Amino acid sequence: MSLLAEKTQRPGLAPHTDSVATFVPDQSRAERTRSYAVADFPMPTGREEDWRFTPVDRIRPLLKDEATGLCLDWDESLPAGVRLGTMSVADWQAAGAPAPADRAAAIAAAHSGGVGVIDIPNDAELTEPVRIRLSGGDGQLVHGHLMIRAGRFSKATVVLTHDGLADYSEVLTITASDGAHLTVVSLQEWDDRSIHLGQHDVVVGRDAQVKHIAVTLGGAIVRLNTNATYAGPGGSFEAYGVYFADAGQHLEHRLFVDHAVPHCTSNVEYKGALQGDSARTVWVGDVLIRAAAEGTDTYELNRNLLLTDGARADSIPNLEIETGEIAGAGHASATGRFDDQQLFYLMARGIPEAEARRLVVRGFFAAVVSRIGVPEVIGHLMSAIDAELEASVAVAS
């Protein structure tokens, strides 16, 4: 149904309504299915809005409603006071965790065999990050399920690293209680043959601050859906992302920030670089400001840098506003080629071409990388970008 009636009617012939439902089209992000039941999500064909950019034929094994009984290798480093436990999928549902938003997430939740739970105590101020490393070894198909719970007024950083060879589908639930300050970094450094489908759900408590950072460098196909909701006023959600796609890689990031609570803020900034024939990235950013969310302040930004011919980046920001009583809302998106003038400027001052290219790309990523706030991740990320750029120089030559 469109914003206009299917038939043109003369004024006064139909009852008048000021209902919000009257003005929101059927394709509103709020209307899409969320359910714990796999049966509520038909097998996608690739024509659906949620799947039209994704190479569905290549991920079908992860869309089968079947358990594998396998798991990734797990390694953790837990600061004092942080607890690692488990809960059943039924208990996870009973706790009111956000429901899956697509078939892959519903299958991962149903067939994970249980939920790994990381608990950060109330009032804890961690001086070291919680580190979790998940590794694949032989290309097995795995369903994963993890929950991170930050207690009231706690301050913590959690770094999740994914590497090795696997086809992995996951659900990650992140809850920040009232007044908590939580940073979650998800690093995708898979073998270039791996597939990773993920749904990351963030629930921001009253006056809590959550920073979610996605860094995607490896994998044949990586598709991450990050969803944020608010459990009370005063919450702040920041989502930052960095991705670098090489030839043959498909890296897809989708975000949905659901403002249903008044006086909350969100800021989204993702930057990506692409090099090599058939390198493909997709970024979709949805922000919904519901009628009750007065005083909302939100902004989303995506920038993509094409380093070589044959690469393609799709960037789609979407903003729905159901109330005029907001502090601010906006979005921006741009995709462009490598700036040869910048390269010439640096080379004219005696800087070799390879070093000049590295400086330009580093400068492109600098604004996002500086916001990560985790020194070890920043250093590791910049080293990885340098390695990607060395490959770029080899392609260019």
Side-chain angles (χ1 to χ4, degrees), residues 29-30 98 148 150 155-159 172 174-176 178-187 200-216 224-243 253-272 281-290 292-305 315-323 325-335 363-374 377-378 381:
R29 187 61 172 81
I148 300 171
K155 295 182 179 181
T157 296
V158 179
V159 179
L172 171 63
I174 302 165
T175 62
D178 295 352
H181 288 202
L182 177 64
T183 297
V184 176
V185 183
S186 180
L187 301 173
H200 295 184
D201 289 305
V202 180
V203 181
V204 185
R206 184 185 185 97
D207 297 323
Q209 298 179 22
V210 177
K211 184 186 296 184
H212 180 278
I213 301 160
V215 178
T216 304
L224 294 183
N225 294 287
T226 302
N227 308 305
T229 56
Y230 299 83
S236 170
F237 174 70
E238 298 175 75
Y240 300 112
V242 173
Y243 48 90
H253 298 83
R254 293 173 170 264
L255 295 100
F256 176 38
V257 183
D258 188 351
H259 282 276
V261 176
H263 305 294
C264 293
T265 65
S266 64
N267 186 59
V268 175
E269 183 174 354
Y270 272 60
K271 285 192 174 184
T281 65
V282 177
W283 181 89
V284 179
D286 292 327
V287 175
L288 171 61
I289 304 175
R290 298 180 187 262
E294 297 181 353
T296 293
D297 192 358
T298 180
Y299 192 79
E300 58 177 349
L301 170 69
N302 178 231
R303 295 279 190 263
N304 296 287
L305 181 62
S315 179
I316 305 174
N318 299 303
L319 180 60
E320 298 178 62
I321 305 175
E322 297 178 359
T323 175
E325 300 297 324
I326 60 174
H331 59 181
S333 169
T335 298
F364 171 74
F365 281 123
V368 175
V369 172
S370 63
R371 291 187 174 94
I372 291 177
V374 184
V377 175
I378 293 174
L381 173 58

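All values derive from a computational prediction rather than experimental measurement.
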Completion exercise
When rounded to the nearest 0.5 Å, the distance separating CG of N225 from CZ of R254 is 6.5 Å
Exercise for the section: Go through the steps to decide whether S315 and Y270 satisfy the test side chain to side chain contact (heavy atoms under 4.5 Å, CB included), and finish with yes or no. Expected result: CA-CA 10 Å; S315 179; Y270 272 60; over 6 Å; no
Exercise for the section: Please report the shortest heavy-atom distance between G205 and A231, naming the atom on each side. Expected result: CA-CB, 4.1 Å
Completion exercise
Heavy-atom nearest pair, A332 first then Y299, reads CB-OH, 3.3 Å
Problem - Closest non-hydrogen atom pair, L319 against A329 - result: CD2-CB, 3.9 Å
Completion exercise
Here the pair of heavy atoms bringing R290 nearest to A260 is CD-CB, 3.4 Å
Practice task
Could you check E269 against K271 for side chain to side chain contact (heavy atoms under 4.5 Å, CB included), going step by step and ending with a plain yes or no?
Solution key: CA-CA 7 Å; E269 183 174 354; K271 285 192 174 184; 3.9 Å; yes
Handout entry: Test item: T323 and I289 side chains (from C-beta on) under 4.5 Å apart, heavy atoms
Key = yes
Problem - Which residues share a ring pair (Phe, Tyr, Trp, His ring centres under 6.0 Å) with H181, sequence neighbours left out - result: none
Handout entry: Full working for side chain to side chain contact (heavy atoms under 4.5 Å, CB included) between E322 and L288
Key = CA-CA 8 Å; E322 297 178 359; L288 171 61; 3.9 Å; yes
Fill in the blank from the handout: When rounded to the nearest 0.5 Å, the distance separating OG1 of T335 from CZ of R303 is 9.0 Å
Exercise for the section: Supply the atom-to-atom distance I321 CD1 to I326 CD1, rounded to the nearest 0.5 angstrom. Expected result: 4.0 Å
Handout entry: Salt-bridge present (R29, E320; N to O < 4.0 Å)
Key = no
Fill in the blank from the handout: CG (D258) and CG (N227) are apart, to the nearest 0.5 Å, by 9.0 Å
Problem - Heavy-atom side-chain contact between V287 and H259 under 4.5 Å - result: yes
Problem - From V184, I174, L182, residue fulfilling side chain to side chain contact (heavy atoms under 4.5 Å, CB included) relative to V202 - result: I174
Please output the side-chain donor-acceptor pairs of residues 234-243 that fall under 3.5 Å, not counting sequence neighbours, one pair per line with the distance.
residue: S236; atom: OG; partner: T265; partner atom: OG1; Å: 3.4
residue: E238; atom: OE1; partner: Y240; partner atom: OH; Å: 2.5
residue: Y243; atom: OH; partner: N302; partner atom: ND2; Å: 3.1
residue: Y243; atom: OH; partner: N304; partner atom: OD1; Å: 2.5

Exercise for the section: Measure the spacing between NE2 of H331 and CD1 of I316 and express it to the nearest 0.5 Å. Expected result: 12.0 Å
Handout entry: Heavy-atom side-chain contact between V210 and Y230 under 4.5 Å
Key = no
Fill in the blank from the handout: Closest non-hydrogen atoms of V261 and T296, given as atom of the first, atom of the second and distance, are O-OG1, 4.3 Å
Exercise for the section: Hey, could you give me the CG/CG distance between N318 and D286, rounded to the nearest 0.5 Å? Expected result: 4.5 Å
Exercise for the section: Report the C-alpha separation of L255 and W283 in whole Å, then their side-chain angles, then the decisive distance to 0.1 Å, and conclude whether the side chain to side chain contact (heavy atoms under 4.5 Å, CB included) test is met. Expected result: CA-CA 8 Å; L255 295 100; W283 181 89; 3.3 Å; yes
Exercise for the section: Heavy atoms only: give me the nearest C264-P233 pair and the separation to one decimal. Expected result: SG-CA, 3.9 Å
